[in-house]
Every structure is written in C-alpha cells, then in structure tokens.
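Down below is the structure, laid out as structure tokens.
It should be emphasised that the depicted structure is a prediction, and the values quoted were computed from it without experimental measurement. Order of the sequence lines fixes the chain letters, A, B, ..., with proteins taken first and strands second; residue numbering starts at 1 for each chain.
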There are 2 protein chains.
Amino acid sequence: MLMTTDTEKSDISKTEFEVLDALWKKFPATASEIIQRLNQNKTWHEKTVKTLLSRLVKKQVIDFNKQQRSYLYFPLVERSTYNQKESKSLVSRLFGGKVAPLVAGFAHSDALSKEDVDELKSLIKQWEKKND
Amino acid sequence: MLMTTDTEKSDISKTEFEVLDALWKKFPATASEIIQRLNQNKTWHEKTVKTLLSRLVKKQVIDFNKQQRSYLYFPLVERSTYNQKESKSLVSRLFGGKVAPLVAGFAHSDALSKEDVDELKSLIKQWEKKND
DNA sequence: AATCTTTGATTACACATGTAATCTTAAATC
DNA sequence: GATTTAAGATTACATGTGTAATCAAAGATT
C-alpha cells in the first residue's frame, strides 16, 4: 500500500470492537478490568485482549495513561459518534441512504417492538415540529 | 481453525459485496458485464473482479452456468435476505437490538428526509393495524 | 538486595482480504 | 487446421485479523 502519513482510515475489526465496547461501559479501565468484563460472556485469553488493546492504541481509537505498572485505558472515540458513522455507512451501502427501508425490514420480520414503535412516533413528532 | 465440513459462515468482504451488489442489479450476467457495471463508478482491474467472483462462488454466495467460453453468474442469496441479516446484526451490536435508537441518530444528524418520515408513518400505521 | 510476579512490548503464525499476474485451455479467426 | 484470443483457474504477495506465546522490565515479596 505504501502510506506515508499516519492518518489512515483505521477500520475497527470485529474483535477490536468488542474490546472497545467493553471499555465504553466504564472508563478509564485497566487491561485486567477489561478482560474481566469480556470474560463475563465468552472466554478471551488475556494475551489476546492485550494484543487487541495495543492495536486499538495504534489505530488511535483508544489511549492510556501510565499508572504504576499498568495502564489506564480510555476511548478516544465516542460511542455515539461511532454508532452514527457505522449506521450511516450501512444504510448507505444497503438502502441507498434511506433509513425507512431498514425499518421496514424489521417490521416485516416482526423485529419491531411496541417500545420501538412508541419511540419512533415520538421521534417523528419531534421531527415534524422542527421541520415546518 | 480446522473445519471439516464445508458449511462455513461465509462472511462477505467489502469488495466481494460490491461485486455481489453489481450482480444483483441484473442477473444472470457474465464477468465482463459485471466488470462494466463496476467500472461505471470506480476502476476495477479485470483480474481483481474475476478473483472476487471466484471467491464468492467458493463461499456459495453466487453460482454460474457454463455458457460457451464464459460463465453466466447469478446470486444464491437474495438481496433482501442479506440486507435483513446485516441490519439485524448491526442493530444488535450497536443498539442492543432496538432499531429506534438508530433512527434517532439519523434524526439528530438531520439525515432523516420527509420521504423517510412519510414511509415510517405508514409503516407504523401498518404495524398498529396488525398488532392490535 | 535477590527473586518472583505481572504488565506491556515484541514476535509468531495461520487464515482472510485486496489486488493482480501468470498459466491453461477452449473458442474465434485466419 | 494453425494461431491468436480470451475466459476462467491457479499462483502471488503484502497487509489485516484472530489468537496467542515469548521477552523484557518494573514492582511486589521475601
């Protein structure tokens, strides 16, 4: 590829995301804390998580402050920002940028809850108040 | 990994998806046709597209019928099915399975069009008719 | 102070992916 | 029929990713 500047696009991989997700839950956090959180669900080898933390640091997605022997990690990217970007990317790739067809898919496969519908109605009301 | 059976999970990569997307537009189609469609936007090297077609065949995402010297490719996966699966996966990973927060993100970043809102209202109406 | 952790850094290694080039072979053309 | 194309098959190769093991060093323990 040959990339001179270091302003790469930094895609976050599947496993890297899971680590970031664990960090978002509460930060700053040490590697051990993150490992504990992750191991409540599946089993991650300590070494694997450490590798993923390093890769996230290199990608400038998280950073840390040295604390005695261990590090205190914290995210550099906000969850909402990340979610926003990923959502738009998917909606753009799969539904030509319109979000309604995505929701339609959920509706047609009965993946729409009453809670969702209520929130959607509220969102729409807000939207209509704002836009004219 | 060691995988004896051949029923793998078959993730479709970014570039593979673009090729599949081009095929979905109209099929069956020859490799050259697909290459032409793809090259209306960006520039793909012929060899690259051929490789991606092969990989999609191996992943059992598409298949072909021999036609004289060239092949006629067609998808084995429906676009709507694929979209469905990807949407649910993203909503599950990022929004705890609820679609409304995703839509909220769009609303708050002004990515919601009147068209979207109209369609959403219609969907909600339908949903309410069905679910009591 | 010497030794034993424990933490992060470095290295490893197989498989995936992006991006082609080369090889084979059958079909088109002369 | 011999030769040239052109299509798919095979091979290539750097970088990314999943999944660790090993190395080095600073702190904790004795």
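- A/S13 comes within contact range of the sugar-phosphate backbone alone, with a heavy-atom separation under 4.0 Å but no base atom that close.
- For the pair A/W44 CH2 and D/dG18 C1', the interatomic distance rounds to 9 Å; values are reported in whole Å.
- Regarding contacts with the backbone of C/dG18, every side-chain N or O of B/H45 stays at 4.0 angstrom or more from both OP1 and OP2.
- The residue among B/R55 and A/I12 whose nearest nucleotide of DNA chain D is located toward the 5' end is B/R55.
- Across the protein-nucleic acid pair, A/Q68 atom CD and D/dT29 atom P stand 12 Å apart, rounded to whole Å.
- Look at NZ on B/K14: it is 18 Å from P on D/dT15, rounded to the nearest Å.
- At a threshold of 4.0 Å, the pair A/D21-A/R37 does not count as salt-bridged, since none of the basic side-chain nitrogens sits closer than that to a carboxylate oxygen.
- Ion pairing between a basic and an acidic side chain is recognised when a charged N comes within 4.0 Å of a carboxylate O; B/E18 and A/R93 show no such pairing.
- B/L52 places its CG atom 8 Å from the C1' atom of C/dG18, with the value rounded to the nearest Å.
- Considering only side-chain N and O atoms, B/Y71 lies under 4.0 angstrom from the phosphate OP1 or OP2 of D/dA9.
- With hydrogens and angles left out, the side-chain atoms of B/Q68 and B/S70 include a donor and acceptor closer than 3.5 Å.
- Contact between the side-chain N/O atoms of B/T15 and the OP1/OP2 oxygens of C/dG18 is found at a separation under 4.0 Å.
- Within the structure, a side-chain polar atom (N or O) of A/T48 is placed less than 4.0 Å from OP1 or OP2 of D/dA20.
- One atom, CD of B/E33, and another, P of D/dG8, lie 11 Å apart when rounded to the nearest Å.
- Protein atom CD1 of B/I35 is 8 Å distant from nucleotide atom P of D/dG8, rounded to whole Å.
- Atom CD of B/Q67 and atom P of C/dA27 are 12 Å apart (whole Å).
- Ion pairing between a basic and an acidic side chain is recognised when a charged N comes within 4.0 Å of a carboxylate O; B/R55 and B/E16 show no such pairing.
- Between the side chain of A/K50 and the base of C/dT7, no donor-acceptor pair under 3.5 Å is found.
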Inset, instruction - Check step by step if salt bridge (Lys or Arg N to Asp or Glu O under 4.0 Å) holds for B/D110 and A/K130. - result: CA-CA 10 Å; B/D110 298 306; A/K130 208 120 242 168; over 6 Å; no
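- Here B/K66 lies out of heavy-atom contact (under 4.0 Å) with every strand.
- Here A/K58 does not reach the OP1 or OP2 of C/dG8: none of its side-chain N or O atoms lies under 4.0 Å away.
- Contact annotation: A/S32 side-chain N/O to C/dT7 OP1/OP2 distance is under 4.0 Å.
- When the C1' atom of C/dG8 is taken as reference, atom CG of A/D63 falls 14 Å away, rounded to whole Å.
- If you find the closest nucleotide of DNA chain C to B/R69 and to B/T51, the one lying nearer the 5' end belongs to B/T51.
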